[in-house]
Amino acid sequence: IRICIFLLILNILSTLPGLTLDAQVEGLLTLARMYLSHGLWSEALGFLNYAQISLPELGQNPEFIALKGAALTLGIKSEDAFQMLSSANLTDIDEVGYWRAYALSDLGDWQQAADVIPKSVEIIRTYPAQLGTRIGLGNAEVALRAGDVKKAERLLDIVEEHEDEFFEEQKATYDY
């Protein structure tokens, strides 16, 4: 799989010079999404920053803001992540609540994290394993600290689907 990913990255990067600026930026965003889906926040952030340098108005695009906020969240740059994810451009996107809650839990603001976590947790089931595990475990702790055992159980059920892929840190968090 890693070889396939590497070849895909190489393919996207090699085609960028012949594309229009908009297409180049879309290629950079595709690379950022791909890295982010594997939990590689720093690499994703690099591509997002480069895309924004190339096309500054991206900073107002809701998808771009959400992607950058997610990358910052995974990088434990929680204050910046929460600020970005609290953008007025994202208020209608329920899914952003998982990321806000995760950032707030890292800041130790458990009450506000519980207030912003969405009611339904099923979207986390659609996340790639490493991403869903990390966000699912963090949000499960938020739910438990808020006394919402049912939501925590639903989140842990989703996370358990990838138990064989846990990193040691995730296994310890899950056991806790």
Side-chain angles (χ1 to χ4, degrees), residues 25-148 150-152 154-159 162 167 169-170 173-174 176:
V25 169
E26 186 55 44
L28 293 171
L29 292 177
T30 297
L31 289 169
R33 284 184 209 98
M34 188 174 63
Y35 275 114
L36 191 60
S37 73
H38 287 84
L40 300 170
W41 67 271
S42 183
E43 292 82 353
L45 195 56
F47 281 113
L48 290 167
N49 288 337
Y50 186 64
Q52 189 173 14
I53 289 168
S54 301
L55 199 62
E57 57 268 21
L58 269 178
Q60 302 306 309
N61 179 288
E63 181 185 3
F64 177 82
I65 295 168
L67 286 170
K68 192 165 183 179
L72 290 168
T73 301
L74 292 178
I76 312 298
K77 298 184 181 304
S78 301
E79 287 183 33
D80 293 337
F82 181 72
Q83 182 178 3
M84 182 155 281
L85 294 169
S86 296
S87 165
N89 292 341
L90 302 179
T91 55
D92 294 337
I93 304 172
D94 197 40
E95 182 178 351
V96 173
Y98 302 116
W99 295 88
R100 283 189 202 120
Y102 190 88
L104 287 165
S105 69
D106 182 58
L107 294 170
D109 191 342
W110 298 101
Q111 181 59 53
Q112 190 174 353
D115 292 344
V116 300
I117 194 171
K119 288 182 180 12
S120 172
V121 297
E122 289 305 308
I123 192 113
I124 292 178
R125 191 176 306 278
T126 67
Y127 284 14
Q130 286 307 316
L131 206 55
T133 297
R134 191 161 169 191
I135 297 300
L137 287 170
N139 278 267
E141 185 173 4
V142 169
L144 283 172
R145 287 178 180 255
D148 191 343
K150 287 186 180 202
K151 183 180 287 183
R154 287 194 316 269
L155 283 160
L156 291 175
D157 286 344
I158 292 168
V159 167
H162 306 290
F167 292 132
E169 176 185 305
Q170 292 168 331
T173 301
Y174 176 79
Y176 165 76

Item to complete: For atom CD of Glu122, decide whether the heavy atoms of other residues, nucleotides or ligands shown that lie under 6.0 angstrom number more than 12.
Response: yes
Discussion item. Tell me the closest heavy-atom pair linking Ala32 and Ala44, and the distance in Å.
Written reply: O-CB, 3.4 Å
Discussion item. Checking the side chain of Asn89 only, and the main-chain atoms of Gln60 only, is there a donor and an acceptor separated by less than 3.5 Å?
Written reply: yes
Worksheet item: If you look at every heavy atom in Ser37 and Pro128, which pair is closest and at what distance?
Response: O-CB, 3.3 Å
Discussion item. Are there over 12 heavy-atom neighbours, none belonging to Glu57, within less than 6.0 Å of that residue's CD?
Written reply: yes
Fill in: Nearest-0.5 Å distance that lies between atom CD1 in Ile93 and atom CH2 in Trp99
13.5 Å
Response to the item:
So OG of Ser78 and CD of Gln83: to nearest 0.5 Å the spacing works out to 12.5 Å
Just list the side-chain donor-acceptor pairs under 3.5 Å for residues 134-147, sequence neighbours left out, or say none.
unit_1	atom_1	unit_2	atom_2	d
Arg134	NE	Tyr102	OH	2.9
Arg134	NH1	Leu74	O	3.3
Arg134	NH2	Leu74	O	2.5
Asn139	ND2	Tyr98	O	3.2
Asn139	ND2	Ile135	O	2.8
Glu141	OE2	Arg145	NE	3.1
Glu141	OE2	Arg145	NH2	3.1

Worksheet item: From Thr73 OG1 over to Leu85 CG, what is the distance, rounded to the nearest 0.5 angstrom?
Response: 4.5 Å
Worksheet item: Any side-chain heavy atom of Lys77 sitting closer than 4.5 Å to one from Trp41?
Response: yes
Fill in: 4.5 Å side-chain heavy-atom contact, Glu63 and Leu29
no
Discussion item. Tell me if a side-chain donor or acceptor on Thr126 pairs with a main-chain N or O of Ile123 at a distance below 3.5 Å.
Written reply: yes
Fill in: Contact summary for Val116 and Ala101, nearest pair of heavy atoms
CG2-N, 3.6 Å
Fill in: Between CG on residue Leu48 and CG on residue Leu31, distance to nearest 0.5 Å
10.0 Å
Worksheet item: What are the two closest heavy atoms between Leu36 and Ala70, and how far apart are they?
Response: CD2-CB, 3.8 Å
Discussion item. Are the side chains of His38 and Glu43 in contact, using a 4.5 Å heavy-atom criterion?
Written reply: no
Worksheet item: Asp115 and Gln111: side-chain donor and acceptor closer than 3.5 Å?
Response: yes
Item to complete: Quick one: closest heavy-atom pair of Gly132 and Val159, and the distance?
Response: O-CG2, 4.1 Å
Discussion item. With a 4.5 Å cut-off on side-chain heavy atoms, are Leu90 and Arg100 touching?
Written reply: yes
Discussion item. Surrounding OH of Tyr50 (heavy atoms of other residues, nucleotides or ligands, distance under 6.0 Å), is the total greater than 12?
Written reply: no
Worksheet item: So, does Ser87 use its side chain to make a donor-acceptor pair with the main chain of Met84 at under 3.5 Å?
Response: no
Worksheet entry | From Ile53 atom CD1 to Leu58 atom CG, the distance as rounded to the nearest 0.5 Å | 11.5 Å
Worksheet, complete the sentence: Closest non-hydrogen atoms of Trp110 and Ser105, given as atom of the first, atom of the second and distance, are CZ3-CB, 3.3 Å
Worksheet entry | Spatial distance of atom CG (Leu45) from atom CD (Gln52) [nearest 0.5 Å] | 10.0 Å
